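In what follows, a single structure is set out as structure tokens and then discussed.
Please read these numbers as outputs of a predicted model, since none were measured by experiment. What's counted below: heavy atoms across the whole structure, side chains too, no hydrogens, waters or symmetry copies. Numbering of residues begins at 1 and proceeds along the displayed sequence.
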Amino acid sequence: MPSFYRLIWLMPAAFALHIVEEYGGGFPGWVTHVVGGAMSAPMFLVNNAFFMAVLLALTAWSGIARTTTANAVLIAWASANLFWDFLFHVGTVPLFDRYSPGLVTATLLYFPISVAVSWAAVAQHALSPRAFQASSAVGFVLMGFVIWAGLYHFAV
């Protein structure tokens, strides 16, 4: 199994491909017309540029610092952007009876990368099982906030 500190760099790469798939698949329009929220293409790009900048910064911090704190913060942020987003895409397909733009990369990249990073984090002692669970729970809350705020309350 590759090092946790090598695997974490797969997350920003997968996120970049996911952004391309969502944008090309019309995710902002899907949010507006299928989900009942509101999202413009410029807001989609601004939000995702911010999310990518944070993910890159946290990945670099974790890779350089190699501390429990850096790893926990990275897992919290990355789990929201990858694992919990995978579940969002998978869950919205039956919920809305429509394809969710981003489903392909979420399924083929987000899920296996999340599993590999999670396993490596615990197996290689980058995080204890309890710290990993707590970080993932924070990621769940972050994803919930992004859905609540970004799709229904502050979107333009």
Side-chain angles (χ1 to χ4, degrees), residues 1-2 4-63 70-121 127 132-156:
M1 169 56 91
F4 168 78
Y5 296 104
R6 285 192 178 180
L7 285 172
I8 59 177
W9 289 101
L10 293 174
M11 297 186 302
F15 188 65
L17 293 172
H18 184 71
I19 293 167
V20 170
E21 180 194 357
E22 281 187 332
Y23 190 77
F27 187 80
W30 177 84
V31 166
T32 303
H33 302 295
V34 175
V35 178
M39 179 177 285
S40 66
M43 182 54 71
F44 172 85
L45 293 172
V46 167
N47 285 344
N48 280 290
F50 171 76
F51 293 156
M52 177 60 88
V54 172
L55 181 58
L56 285 168
L58 293 177
T59 302
W61 180 38
S62 176
N71 298 340
V73 173
L74 172 62
I75 292 299
W77 185 264
S79 73
N81 284 290
L82 277 79
F83 180 74
W84 297 114
D85 191 47
F86 156 71
L87 290 179
F88 168 81
H89 284 286
V90 168
T92 57
V93 170
L95 184 65
F96 297 108
D97 196 27
R98 294 266 186 85
Y99 169 76
S100 172
L103 179 66
V104 173
T105 51
T107 303
L108 297 178
L109 297 177
Y110 279 10
F111 182 70
I113 289 169
S114 293
V115 169
V117 168
S118 301
W119 187 85
L127 287 175
F132 177 80
Q133 291 170 346
S135 295
S136 295
V138 169
F140 176 76
V141 171
L142 286 172
M143 184 59 176
F145 176 75
V146 166
I147 292 168
W148 175 83
L151 304 186
Y152 296 106
H153 291 86
F154 302 112
V156 238

My understanding is that only residues two or more places apart in sequence, or in another chain, count here; which of them pass ring-ring contact (aromatic ring centres under 6.0 Å, His included) with Phe111? Phe86
Phe88 versus Ile147: any side-chain heavy-atom pair under 4.5 Å? yes
A side-chain contact here means heavy atoms from C-beta on lying under 4.5 Å apart; do Tyr110 and Phe83 qualify? no
Test your reading of the model: is there a side-chain donor-acceptor pair from Trp30 to the backbone of Gly25, 3.5 Å cut-off? no
Spatial distance of atom [atom1] ([X]) from atom [atom2] ([Y]) [nearest 0.5 Å]:
X	Y	atom1	atom2	answer
Ser40	Asn47	OG	CG	8.5 Å
Leu108	Ile113	CG	CD1	10.0 Å
Ser118	Ile75	OG	CD1	6.0 Å

Please give me the minimum heavy-atom distance between [X] and [Y], naming the atom from each residue.
X	Y	result
Gly139	Ala80	O-CB, 3.2 Å
Ala76	Leu142	O-CD1, 3.9 Å
Pro101	Phe27	O-CD1, 3.4 Å
Ala120	Pro2	CB-O, 4.4 Å

Pairwise side-chain hydrogen bond (donor to acceptor under 3.5 Å, both in side chains) hits with a residue in residues 74-83, at least two apart: none
Leu45: which residues meet the side chain to side chain contact (heavy atoms under 4.5 Å, CB included) condition with it, sequence neighbours left out? Tyr23
Val93 meets the side chain to side chain contact (heavy atoms under 4.5 Å, CB included) criterion, sequence neighbours left out, with Ser100, Leu103
Quick one: side chains of residues 50-60, donor-acceptor pairs under 3.5 Å with protein atoms, not counting sequence neighbours, listed by atom name and distance.
residue: Thr59; atom: OG1; partner: Leu55; partner atom: O; Å: 2.7

Side-chain atoms of residues 4-21: list all donor-acceptor pairs with protein atoms under 3.5 Å, sequence neighbours left out, distances to 0.1 Å.
residue: Tyr5; atom: OH; partner: Asn71; partner atom: ND2; Å: 2.9
residue: His18; atom: ND1; partner: Gly102; partner atom: O; Å: 3.3
residue: His18; atom: ND1; partner: Thr105; partner atom: OG1; Å: 2.6
residue: His18; atom: NE2; partner: Glu22; partner atom: OE2; Å: 3.0
residue: His18; atom: NE2; partner: Asp85; partner atom: OD2; Å: 2.9
residue: His18; atom: NE2; partner: His89; partner atom: NE2; Å: 3.2
residue: Glu21; atom: OE1; partner: Thr105; partner atom: N; Å: 2.7
residue: Glu21; atom: OE1; partner: Thr105; partner atom: OG1; Å: 2.5
residue: Glu21; atom: OE2; partner: Tyr99; partner atom: OH; Å: 2.7
residue: Glu21; atom: OE2; partner: Gly102; partner atom: N; Å: 3.3
residue: Glu21; atom: OE2; partner: Val104; partner atom: N; Å: 3.1

